[in-house]
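Remarks on the structure that follows.
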Amino acid sequence: MDKPVCLIDTASDGKLCVQGSALQVLEQIQQPVVVVAVVGLYRTGKSYLMNRLAGKQTGFALGSTIESKTKGIWMWCVPHPTKAATTLVLLDTEGLGDVDKGDSKHDTRIFSLAVLLSSTLVLNSRGTIDNRAIEELQYVTELTEYIKIKSPDEAVDDAEFVKFFPSFIWAVRDFTLQLNIDGKDTTEDEYLEFALKLKLVNNYNLPRECIRKYFPSRKCFTFPFPTNPDNVSYLETLDPAEISKRFLEVTGRFCQFIFDQSQVKNLKDGHTVTGRVLGHLVKTYVDTIASGAVPCLENAVISMALIENEAAVKEGLEVYQSGMEELKKSFPLELNEITSEHQCFSLMATQTFMKRSFRDSDGKHLASLEVAIIHQFDSYLWDNEKASEAKCESLLSVLSEPMTERTNQGFYATAGGYDLFCQDLEDIVNQYNTLAYQEVAEVLEKFLQQKVAVTTAILQADDKLTENERRICEERERAVLLEQEMKAQEQRQRQLEEKMVIEEQNNEERVRQVIQKMEEEMFVQQQETKRAMDSKLREQAALMGKGFQENANKMASEIEQLRRRNKEVEDSKSRELAKMIADQERRNAQSMEVYISSNALLTSANTLLDTIHVDI
């Protein structure tokens, strides 16, 4: 993108709406995304920082009047400067506190969307982090009313938010104070933590508690005045020499920190968010808000899982079909060649599915892909068989043409003609077996069956043979036909056995990939919980150190509850994994039963034919 586009706007009826053109941009992004959103009061220079993150001087609109320039939420997608194969998505939000807004809840909705969509949330303010600045963040205290982890009828402690909320950066603009507390030099982060300290004062702690409780990590940057006050409104057009070196240094540190430390956006349960998934999330959340409901993380994950799993099945099948269609151009092929390629493309399809799917805990979508691939494979085997038959029939037609001409000319309708005919027929069969790239027994069987009437006629017309010799010849002809039919049956049995071996190998690989996928999801969940746990342990230590024993005890209870819930989730995941593997193995066993049953029928048929052949 060479410039930002509007992602979320306000419709004529006052409701938020998503811009289709922006969703089309996100739909094309298959890479993981790092999403950085900036929020803050209007006319505080948010857009300048976002332009710098994009590596540009201009892009997001910078206003030069008291009117708020950015409306809704604007988006700019650029290649991530330090993370390979990753897209950096920058969200510039409408300024909070704009006097022109009629809806008092509009700002909270914009703030909530920034929290829901980002992996890093930048709060931009001016001056200092004093009590007034924190009191203006009433949006933080209202988050639990505008965001739900699970459906509204399920009670969830708001302590759970720390597992799913973005990291938090406070950018303090036009900062003029000395970083000094109680006569000691301090860092920007220590300054932020000092401002967020709790006090034994009514109504003082709520916004501070919310910031400390909800956001797993906190960082602060203090920016001095960028330039002469008269030039601030034209910051984007100024020459770097006209901008404060100290301001540029902090801006550089700010950008580098975000590039290095901001994480790829993950859904609840740890599924990596791509641009495409982010687009679905935006649509889901905005539509939910427009309907008057509260966005729910769990519902969003369920919705995304359904969309992504169905798309994963389609994508996996396309990978399989693409490979097999290319292979089809080389038909006919030997069975071992086509089954080997089928196995390769089948595993590629499963890998593609696994990469995109998530929360397919019952294995329904994976099973759907398996069934579709098996049906496709049967279809390709049919196509290959027909191509083989056509090639073999063409070869037999060429080889038998001289014999057909002799038959039409009456060459064999003489004494001794039967032996000549049998010799020519045997030569054709031998040549066919030598020249056929992929011998199809059924084609030769069909060819010999077609020659029965001609053979019988020539046999009856041969005066050189006695009646007893004719009977012997007829029995021999029957034996040849039965032998060819046995070969055809054996070929079908061999093909079936090869399919069984390949399918069993595929099944084992699918089970391995299922286990790997579930283990990866469990690991990400454990990391989420660890991050939340570490955050709460730090808060508990800080509370105890400041004498807030009651708050520290409450935090200890939250930590214990978090441990308990994490254990429940892990146990549930383990049961899901065990059930999914059992279901997979059950489907595999059912498939093998079908193959074994078919194989048994072919074996019985071969035994019967062999008995008849011996009798003859």
Side-chain angles (χ1 to χ4, degrees), residues 1-9 16-38 50-51 53-56 59-60 72-93 110 113-122 164-167 258-259 261-288 295 297 300-316 318-319 351-359 520-521 524:
M1 296 174 64
D2 56 359
K3 61 181 180 179
V5 297
C6 182
L7 176 63
I8 300 171
D9 203 357
L16 295 174
C17 60
V18 183
Q19 296 297 304
S21 56
L23 290 182
Q24 289 176 3
V25 172
L26 290 174
E27 181 65 29
Q28 302 306 312
I29 300 175
Q30 309 298 321
Q31 296 177 339
V33 291
V34 173
V35 187
V36 180
V38 63
M50 301 306 273
N51 288 339
L53 286 172
K56 304 291 184 181
F60 288 112
I73 297 179
W74 284 65
M75 175 186 76
W76 200 350
C77 304
V78 297
H80 198 287
T82 62
K83 290 182 172 67
T86 304
T87 297
L88 178 63
V89 179
L90 304 171
L91 301 180
D92 189 14
T93 67
I110 291 291
L113 281 169
V115 170
L116 285 167
L117 297 174
S118 65
S119 48
T120 295
L121 181 72
V122 179
F164 315 114
F165 273 23
S167 56
I258 286 182
F259 295 153
Q261 300 299 322
S262 291
Q263 300 300 308
V264 167
K265 173 71 176 173
N266 285 324
L267 285 178
K268 180 177 178 290
D269 287 353
H271 182 69
T272 298
V273 173
T274 62
R276 179 187 60 245
V277 173
L278 181 63
H280 290 314
L281 283 177
V282 172
K283 188 78 167 60
T284 299
Y285 290 142
V286 172
D287 287 351
T288 301
L297 294 173
V301 170
I302 292 171
S303 174
M304 288 305 99
L306 180 61
I307 292 171
E308 286 298 287
N309 288 339
E310 288 178 350
V313 172
K314 182 180 178 183
E315 200 171 298
E318 285 174 353
V319 166
Q351 289 169 353
T352 301
F353 170 85
M354 290 293 183
K355 186 176 180 181
R356 183 164 183 175
S357 71
F358 70 103
R359 271 207 176 186
E520 287 172 356
E521 290 182 353
V524 173

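We count residues from 1, following the sequence as given. Here the structure is a predicted model, which is why all the values come from computation and not from measurement.
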query: Can you name the residues that form a side chain to side chain donor-acceptor pair (under 3.5 Å) with Q30, not counting sequence neighbours?
result: R276
- line: Nearest heavy-atom approach of M50 to L90 is O-CD1, 3.4 Å
task: Please test L117 against K265 for side chain to side chain contact (heavy atoms under 4.5 Å, CB included), starting from the C-alpha separation and ending with a verdict.
output: CA-CA 8 Å; L117 297 174; K265 173 71 176 173; 5.8 Å; no
- request: Report the residues that fulfil side-chain contact (heavy atoms from CB on, under 4.5 Å) with P4, sequence neighbours left out, ordered by chain and then residue number.
  value: F60, W74, W76
- line: The complete set of side-chain hydrogen bond (donor to acceptor under 3.5 Å, both in side chains) pairs with one or both residues in residues 16-25, sequence neighbours excluded, reads none
- line: Residues at least two apart in sequence or cross-chain that pass side-chain contact (heavy atoms from CB on, under 4.5 Å) with P79, listed by chain then number, are none
message: Going by ring pair (Phe, Tyr, Trp, His ring centres under 6.0 Å), name the residues that satisfy it together with F164, two or more places apart in sequence or in a different chain.
response: none
- prompt: Under a 4.5 Å cut-off applied to non-hydrogen side-chain atoms, are M75 and L26 in contact?
  reply: yes
statement: With sequence neighbours left out, the residues meeting side-chain contact (heavy atoms from CB on, under 4.5 Å) with T87 are I29, Q31, V33, C77, V89
task: Keeping the roles fixed (side chain from T86, backbone from A84), state whether a donor-acceptor pair exists under 3.5 Å.
output: yes
- prompt: Residues two or more places apart in sequence or in another chain: which of them pass ring pair (Phe, Tyr, Trp, His ring centres under 6.0 Å) with H271?
  reply: F358
- request: Under the side chain to side chain donor-acceptor pair (under 3.5 Å) rule, collect the residues that match up with S262, sequence neighbours excluded.
  value: T120
Close side-chain approach of L116 and L281, heavy atoms under 4.5 Å: no
- prompt: Which pairs pass salt bridge (Lys or Arg N to Asp or Glu O under 4.0 Å) with one or both residues in residues 16-31, sequence neighbours excluded?
  reply: none
message: Has T352 got a side-chain atom pairing as donor or acceptor with E315's backbone, closer than 3.5 angstrom?
response: no
- prompt: Which atom pair, heavy atoms only, marks the closest approach of T272 to V264?
  reply: CG2-CG1, 3.6 Å
Residues forming a side chain to side chain donor-acceptor pair (under 3.5 Å) with N266, sequence neighbours excluded: none
task: May I ask you to test the I258-V122 pair for a side-chain heavy-atom distance under 4.5 Å?
output: yes
query: Can any side-chain N or O of T93 pair as donor or acceptor with the backbone N or O of I73 at less than 3.5 Å?
result: no
message: I'd like to know if the side chain of K56 and the backbone of N51 have a donor-acceptor N/O pair within less than 3.5 Å.
response: no
message: Nearest 0.5 Å, please: how far is CG in L278 from CG in L267?
response: 9.5 Å
- request: For K83, check side chain to side chain donor-acceptor pair (under 3.5 Å) against everything at least two apart and list the hits.
  value: none
- prompt: Roughly how far, to the nearest 0.5 Å, is the CD atom of E308 from the CG atom of L306?
  reply: 10.0 Å
query: If you take all heavy atoms of V115 and P166, which pair is closest and at what distance?
result: O-CD, 3.6 Å
- prompt: How long is the gap from CG on L16 to CG on L7, to the nearest 0.5 Å?
  reply: 10.5 Å
query: Residues two or more places apart in sequence or in another chain: which of them pass side-chain contact (heavy atoms from CB on, under 4.5 Å) with A312?
result: F353, R356, S357
- prompt: Would you say the side chain of L113 lies within less than 4.5 Å of the side chain of L91, judging by non-hydrogen atoms?
  reply: no
message: Using modelled atom types and a 3.5 Å cut-off, is there a donor and acceptor pairing between side-chain atoms of Q263 and backbone atoms of Q261?
response: yes
